[in-house]
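Each ligand, and each atom within it, is numbered from 1 in the order the structure gives.
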Amino acid sequence: MKKVKIAVLVSGGGTNLQALIDAQNSGVITSGKIVCVISSKPGAYALTRAENAGIDAYTVFKKECKDHSEFEEKIEKILIKKGAELIILAGFMSILSADFTKKHENRIINVHPALIPSFCGAGYYGLKVHEAALGYGVKVTGATVHFVNEIPDGGKIIMQKAVRVHDNDTPEKLQKRVMKQAEWKILPASAELVCKKIISGEV
Ligand code: GAR
């Protein structure tokens, strides 16, 4: 059976990458296969997770590239070499250019730790998202998986899951709950859904 070749782009701890690896091993993801992991930061723990799972891991250090286009060209080279057909942004902390997202229309998905259109767009990443949610005083937050286009966090929504905010939450506590209850579930489920749609020609 055809499996969509997946590249996972990361920048940090890689718990979402781990959720994808686990989903692949447990049979939640059957229509795709992770063929490589690319980190924008050297030493990211996500790279160790990839190596432990026997997945080819690469680093493209943004700070060592002369500009953003060189950064994207280096990533593109790896994607071509590995034959990647779907790109998953799993805690990837760089905004991709319109050139790059247009070239990969409906072939890039991202997980965002809030219910888009709340607390999203440029400047809203990682813990900052949860700080903003707590600062606003929302009682419900969550996570969103969406297609990536030229607008940061602006592409079509694939899945969302709501998570309750507790009275004594800190950004760290809320981040953990959102990951556990939402991100680690809807990211693998969305990956499988999109891989199926790619195979059937629906996207
Ligand atoms: C996750 O919460 C992810 O949703 C978020 O960064 C964290 C990465 O954790 N991504 C963004 O904020 C992107 N805008 P991880 O490295 O453990 O998966």
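Nearest protein heavy-atom contact of atom 6 (O) of ligand 1 is Met93 CE, 3.2 Å. With hydrogens left out, the protein atom closest to atom 8 (C) of ligand 1 is Gly91 CA, 3.6 Å, a heavy atom. The protein non-hydrogen atom at the shortest distance from atom 16 (O) of ligand 1 is Gly14 N, 2.8 Å.
Within the 3.5 Å criterion, the main-chain N or O of Lys5 finds a donor-acceptor partner in the side chain of Glu85. In this structure a side-chain-to-backbone donor-acceptor pair under 3.5 Å is missing from Thr30 to Gly27. In this structure, Arg177 contributes its side chain and Arg164 its backbone to a donor-acceptor pair below 3.5 Å. At least one donor-acceptor pair under 3.5 Å links the side chain of Thr144 to the backbone N or O of Ile116.
Listed by number with element, the atoms of ligand 1 under 4.0 Å from a non-hydrogen atom of Gly126 are 11 (C), 12 (O). Close contacts between ligand 1 and Tyr124 involve ligand atoms 14 (N) [criterion: under 4.0 Å to a heavy atom]. Short contacts between ligand 1 and Glu183, defined as distances under 4.0 Å to a heavy atom of the residue, involve ligand atoms 1 (C), 2 (O), 3 (C), 4 (O). Below 4.0 Å from some heavy atom of His112 lie the following atoms of ligand 1, by number and element: 14 (N).
Among pairs with a residue in residues 67-102, those fulfilling ring-ring contact (aromatic ring centres under 6.0 Å, His included) read His68-Phe71, Phe100-His104, at least two apart in sequence or across chains.
Distances from ligand 1 to the non-hydrogen atoms of Val111 include at least one value under 4.0 Å.
Of the N or O atoms in Thr15, one or more lie within a sub-3.5 Å distance of an N or O in ligand 1. Between Met179 and ligand 1, a contact under 3.5 Å exists for no N or O pair. Residue Tyr125 places no N or O, backbone or side chain, under 3.5 Å from any N or O of ligand 1. Not one N or O of Asn110 is nearer than 3.5 Å to an N or O of ligand 1, by distance alone.
Atom 18 (O) of ligand 1 has its nearest heavy-atom neighbour, among Asn16, Val129, Ile95, in Asn16. Of the candidates Gly12, Pro113, Ala19, it is Pro113 that places a heavy atom closest to atom 5 (C) of ligand 1.
Each of Ile88, Ile108, Ile75 was compared with Leu9 under the side chain to side chain contact (heavy atoms under 4.5 Å, CB included) criterion, and only Ile75 meets it.
Val129 and Tyr136 end up in the same hydrophobic cluster when Ile, Leu, Val, Met, Phe, Trp and Tyr side chains are linked at under 4.5 Å. Hydrophobic clustering keeps Val10 apart from Met93 (ILVMFWY residues linked when any side-chain heavy atoms are closer than 4.5 Å, directly or through intermediates).
In this structure, CD1 in Ile29 is found 9.5 Å from NZ in Lys3, a value given to the nearest 0.5 Å.
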